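Quick caveat, the model's predicted, so the values are computed rather than measured. Proteins come first, then strands; the chains are lettered A, B, ... in the order of their sequence lines, and each starts at number 1.
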Amino acid sequence: MRLDKNFYRQDAVSLAKDLLGKLLVREYNGIRMVAKIVETEAYMGPIDKASHAYNNRKTNRTVTMFKDGGYSYVYFIYGMYNCLNVVCSDEGTPEAVLIRAVEPLEGIEHMKEHRTIKSKRVEDITNGPGKLCKAMNIDRGLNGCDLIAGKELYIVAETENVVTVNTVEYKEQYLNEEFSLIKATNKNFEIIATRRIGIDYAEEFKEQFWRFYIRGNKFVSKDAEKIKKRPV
DNA sequence: CCTGCGATCGTCT
DNA sequence: GACGATCGCAGGA
């Protein structure tokens, strides 16, 4: 079941939490890959010094962030990597949610083929924003995709008809003042909220707990793993 | 396990 | 001309 317009018209912080547990689907040439979203970051548009669209900065790159909720925003970074965002809020309000990590559920053999790394750890295929784009064959050609009606890239809410290929044992983790723990009654997992990654330039917005991930999920990004192991 | 470093080029000033 | 919403590898513990 695809998510509808109302779902994407939320603010980025709300949507970043709501996207956890949803399924990202990538289809092309008869290939189908499905992965559960396990880590996200909110970029709150005009007010957020970490956002590409801070102060309503509108350029060739950021123009897709100004679209109505429900489109993709894919950008190229560090000369090598692509990152996938979900544009949210209303048209003219440039908010977006960065997808930072996913858990492969279907088509994992295709994801492995797209990645050329020595590591044999399954988690290393998709536990970072650049990694998951490479694994799921997502690049700037998919910038501005319609996630509600498009066929190549979309997001669904249910796990029905999906075969889980990974058997994962989740471990508990420590908490300290660097986190918030979010328990939502309508979700079967808990959410950790903490600081965002790689935005040292963002001044006071570095301190916002606008990164969210599923507590105990082993496919969260390297940094989240690290925090997980930090003693209380 | 963890740390440090270089890769590599589009984007914006 | 400088830098980035990152990654993979080498090397040490």
Side-chain angles (χ1 to χ4, degrees), chain A residues 11-13 15-17 19-20 24 37-66 71-89 94-102 104 111-144 171 173-174 193-213 218-231:
Chain A
D11 66 272
V13 170
L15 185 70
K17 289 180 274 191
L19 278 172
L20 294 176
L24 178 66
I37 297 170
V38 301
E39 182 175 339
T40 58
E41 277 179 0
Y43 286 86
M44 292 292 281
I47 65 156
D48 181 3
K49 289 182 179 174
S51 172
H52 293 162
Y54 172 59
N55 211 12
N56 277 314
R57 193 158 53 121
K58 200 171 192 175
T59 64
N60 284 339
R61 179 174 66 159
T62 65
V63 68
T64 52
M65 287 186 74
F66 287 78
Y71 290 89
S72 63
Y73 167 47
V74 182
Y75 66 88
F76 188 63
I77 189 69
Y78 293 114
M80 288 171 260
Y81 302 108
N82 292 282
C83 289
L84 170 66
N85 289 251
V86 175
V87 174
C88 58
S89 191
E95 295 185 19
V97 176
L98 173 67
I99 309 299
R100 281 195 56 87
V102 299
M111 300 186 200
K112 283 180 181 165
E113 284 168 14
H114 295 134
R115 303 271 289 137
T116 50
I117 50 170
K118 293 187 174 178
S119 170
K120 299 297 182 202
R121 299 174 70 224
V122 184
E123 312 90 75
D124 287 338
I125 301 172
T126 55
N127 62 354
K131 299 178 191 180
L132 72 92
C133 282
K134 193 89 195 309
M136 299 182 79
N137 199 19
I138 295 166
D139 63 21
R140 279 170 299 165
L142 292 176
N143 185 33
K171 290 201 293 197
Q173 61 194 49
Y174 289 113
T194 186
R195 295 183 180 83
R196 293 175 292 177
I197 301 299
I199 54 158
D200 285 348
Y201 55 86
E203 300 175 6
E204 73 271 27
F205 284 87
K206 283 190 292 191
E207 302 304 316
Q208 294 288 348
F209 282 14
W210 283 348
R211 180 158 62 102
F212 305 94
Y213 57 88
K218 69 185 279 200
F219 290 85
V220 297
S221 69
K222 275 281 164 55
D223 183 85
E225 281 186 342
K226 212 183 299 175
I227 289 173
K228 182 168 71 179
K229 288 165 188 155
R230 191 182 302 176

Q: Hey, could you give me the OG1/CZ distance between T126(A) and R115(A), rounded to the nearest 0.5 Å?
A: 8.5 Å
(Q) Tell me the interatomic distance from I125(A), atom CD1, to dG8(C), atom C1', rounded to whole angstroms. (A) 15 Å
Q | Nearest listed nucleotide, side chain of K131(A), among dC12(B), dT6(C), dC7(C) | A | dC7(C)
(Q) Quick check against the 3.5 Å criterion: does D48(A) have a side-chain atom that pairs as donor or acceptor with the backbone of A50(A)? (A) yes
Q) Stems in DNA chain C: runs of 3 or more consecutive Watson-Crick or G-U pairs, distances under 3.5 Å? A) B:1-7 with C:6-12, B:9-12 with C:1-4
**Q.** Closest non-hydrogen atom pair between A16(A) and T40(A), with its separation
**A.** O-OG1, 2.8 Å
Q) Hey, does the side chain of K134(A) reach the backbone of H114(A) with a donor-acceptor pair shorter than 3.5 angstrom? A) yes
Q | Proximity to the side chain of L98(A) - top-ranked nucleotide from dT13(B), dA5(C), dT11(B) | A | dA5(C)
Q: Would you mind reading off the distance between D139(A) atom CG and dG10(B) atom C1', rounded to a whole angstrom?
A: 14 Å
Q.
On a heavy-atom basis, which atom in Y81(A) and which in G130(A) lie closest, and how many Å separate them?
A. CB-CA, 4.4 Å
Q: Looking only at non-hydrogen atoms, find the nearest pair between L24(A) and L84(A) and report the distance.
A: CD2-CD2, 3.9 Å
**Q.** Rounded distance in Å - CZ (R57(A)) to C1' (dC3(C))
**A.** 12 Å
(Q) Please verify the inter-ring angle class for Y75(A) with H52(A); under 30° counts as parallel, over 60° as perpendicular, anything in between as tilted. (A) perpendicular
Q | Whole-Å distance separating the CD atom of Q208(A) from the P atom of dA5(C) | A | 17 Å
Q: Calculate the interatomic distance between E123(A) atom CD and dC7(C) atom C1'; express it in whole Å.
A: 16 Å
Q: Could you tell me whether a side-chain N or O of T62(A) sits under 3.5 Å from a main-chain N or O of A53(A), the two making a donor and an acceptor?
A: no
**Q.** Sugar-phosphate only, base, or nothing, as touched by K118(A) at under 4.0 Å among non-hydrogen atoms
**A.** sugar-phosphate
(Q) I need the residues from residues 41-56 of chain A with at least one non-hydrogen atom less than 4.0 Å from DNA chain B; give them sorted by number, or say none. (A) none
Q: Ignoring hydrogens and angles, tell me if any N or O in the side chain of Y213(A) forms a donor-acceptor pair with the backbone of A193(A) under 3.5 Å.
A: no
Q.
Taking any heavy-atom pair under 4.0 Å as a contact, classify I117(A): base, sugar-phosphate, or nothing.
A. sugar-phosphate
Q. Using a cut-off of less than 4.0 Å, is there contact between a side-chain N or O of K134(A) and OP1 or OP2 of dT6(C)?
A. no
Q | Earlier contact from the 5' end, DNA chain C, for G198(A) and S119(A) | A | G198(A)
(Q) What contact category does R100(A) fall into here, base, sugar-phosphate, or nothing, at under 4.0 angstrom with non-hydrogen atoms? (A) sugar-phosphate
Q.
Taking V74(A)'s backbone N and O only, do any of them form a donor-acceptor pair with N143(A)'s side chain (distance below 3.5 Å, no angle check)?
A. yes
Q.
Taking the basic N atoms (NZ, or NE/NH1/NH2) and the acidic carboxylate oxygens, is any pair closer than 4.0 Å for E41(A) and R196(A)?
A. no
**Q.** Heavy-atom closest pair, residues L142(A) and S72(A)
**A.** O-OG, 2.6 Å
Q | Rounded distance (Å) that lies between atom P of dT6(C) and atom CG of D200(A) | A | 10 Å
**Q.** Y201(A) vs T116(A), nearer the 5' end of DNA chain C by closest nucleotide
**A.** Y201(A)
Q) Knowing that exactly one of E95(A), M44(A), M65(A) qualifies, which makes a side chain to side chain contact (heavy atoms under 4.5 Å, CB included) with S51(A)? A) M65(A)
Q.
Under 4.0 Å from OP1 or OP2 of dC1(B): is there any side-chain N or O of R121(A) that close?
A. no
Q | Contact residues, residues 74-81 of chain A to DNA chain B [heavy atom, < 4.0 Å] | A | F76(A), Y78(A), G79(A), M80(A)
Q) Please give, in whole Å, the distance from dC7(C) P to N82(A) CG? A) 11 Å
Q: Determine the contact category for N85(A): base if any of its heavy atoms lies under 4.0 Å from a base atom, sugar-phosphate if only primed atoms, P, OP1 or OP2 are that close, otherwise nothing.
A: base
Q | Distance, rounded to the nearest Å, where D124(A) contributes CG and dC1(B) contributes C1' | A | 13 Å
